[in-house]
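Read through the structure below, which is laid out as structure tokens, and then see the notes.
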Amino acid sequence: MDNIVSEAEELLLKSWDAPVSSAEKERLAALLKDDYALRKQQDQYLKIRGLFQQNESFSFGPFFAERLIHVIKQRRENIDYQVFSFFKKYQLLILGILVALLILNIMFADNLTFESIFGGDSETTEDIFSIDLYKHLPE
């Protein structure tokens with residue numbers, strides 16, 4: 001019996017997707033008339049096919065990729081502009097803070113070397129430029 005049902009299901013599926021002979025059509029009609037389970041299976045297959053056909057018709061519309069790329073570029077440009085404008089607003093303030101820190105470093109350094117000015121360790125490296133501020137002071 002299972003073999004007959006599987007043949008009937010194959011014939012049913014074939015009738016939707018491929019041309020069938022008149023003898024196969026008559027056989028399918030007879031099987032559907034006599035077998036309630038096959039008719040129920042046919043209804044389930046039709047529902048499933050209908051769902052697939054609905055999903056196939058879904059589309060993003062013409063030029064979707066181009067529109068998406070355009071939106072991404074606009075948002076990127078907007079973010080770039082926001083970052084640039086943030087730094088543009090505060091660039092003088094940041095420059096002033098850096099100069100103030102540099103001056104403080106120079107004022108409190110024991111000797112003027114590039115390492116001491118920029119916060120490095122002057123004992124570990126030799127420097128081309130060095131001024132000892134306390135060299136001429138009496139002890």
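Numbers for residues simply follow the sequence, beginning at 1. As a basis for the values below, the full set of heavy atoms in this structure was taken, side chains included, without hydrogen atoms, waters or symmetry mates.
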Quick one: CD1 on Ile97 to OH on Tyr90, what's the gap to the nearest 0.5 Å? 11.5 Å
Which is it for Met107 and Leu102 under the side chain to side chain contact (heavy atoms under 4.5 Å, CB included) test, yes or no, and what are the steps along the way? CA-CA 9 Å; Met107 287 174 49; Leu102 186 62; over 6 Å; no
Gln74 versus Asn78: any side-chain heavy-atom pair under 4.5 Å? no
If hydrophobic clusters are built by linking Ile, Leu, Val, Met, Phe, Trp and Tyr wherever their side-chain heavy atoms come under 4.5 Å apart, do Val20 and Leu46 end up in the same one? no
Looking at Ser21, is its backbone amide N or carbonyl O close enough to the side chain of Glu24 to form a donor-acceptor pair, meaning the two atoms are under 3.5 Å apart? yes
Any link between Val83 and Ile94 through a network of hydrophobic side chains (Ile, Leu, Val, Met, Phe, Trp, Tyr) touching at under 4.5 Å? yes
Nearest-0.5 Å distance that lies between atom CG in Asp35 and atom CD in Glu9: 9.5 Å
Might you confirm whether atom CZ of Phe64 has over 12 heavy atoms from other residues, nucleotides or ligands at distances under 6.0 Å? yes
Let's go through Gln91 and Leu95 carefully: what are the C-alpha distance in whole Å and the side-chain angles of both, what is the deciding distance for side chain to side chain contact (heavy atoms under 4.5 Å, CB included) to 0.1 Å, and is it a yes or a no? CA-CA 6 Å; Gln91 68 185 355; Leu95 182 63; over 6 Å; no
Value for CG (Leu28) from NZ (Lys33), rounded to nearest 0.5 Å, stands at 13.5 Å
Glu66 versus His70, side-chain donor and acceptor atoms under 3.5 Å: no
What's the separation between atom CD in Gln41 and atom CG in Leu12, rounded to the nearest 0.5 Å? 8.0 Å
Can you hop from Leu98 to Leu93 via hydrophobic side chains spaced under 4.5 Å? yes
Can Glu77 and Tyr81 be counted as having a side-chain donor-acceptor contact under 3.5 angstrom? no
With rounding to the nearest 0.5 Å, note down the distance linking CD in Gln44 to NZ in Lys47. 7.5 Å
Atom pair CG/OH of Leu13 and Tyr45 - distance to nearest 0.5 Å: 5.0 Å
Between Lys73 and Asp80, does any NZ, NE, NH1 or NH2 come within less than 4.0 Å of an OD or OE carboxylate oxygen? no
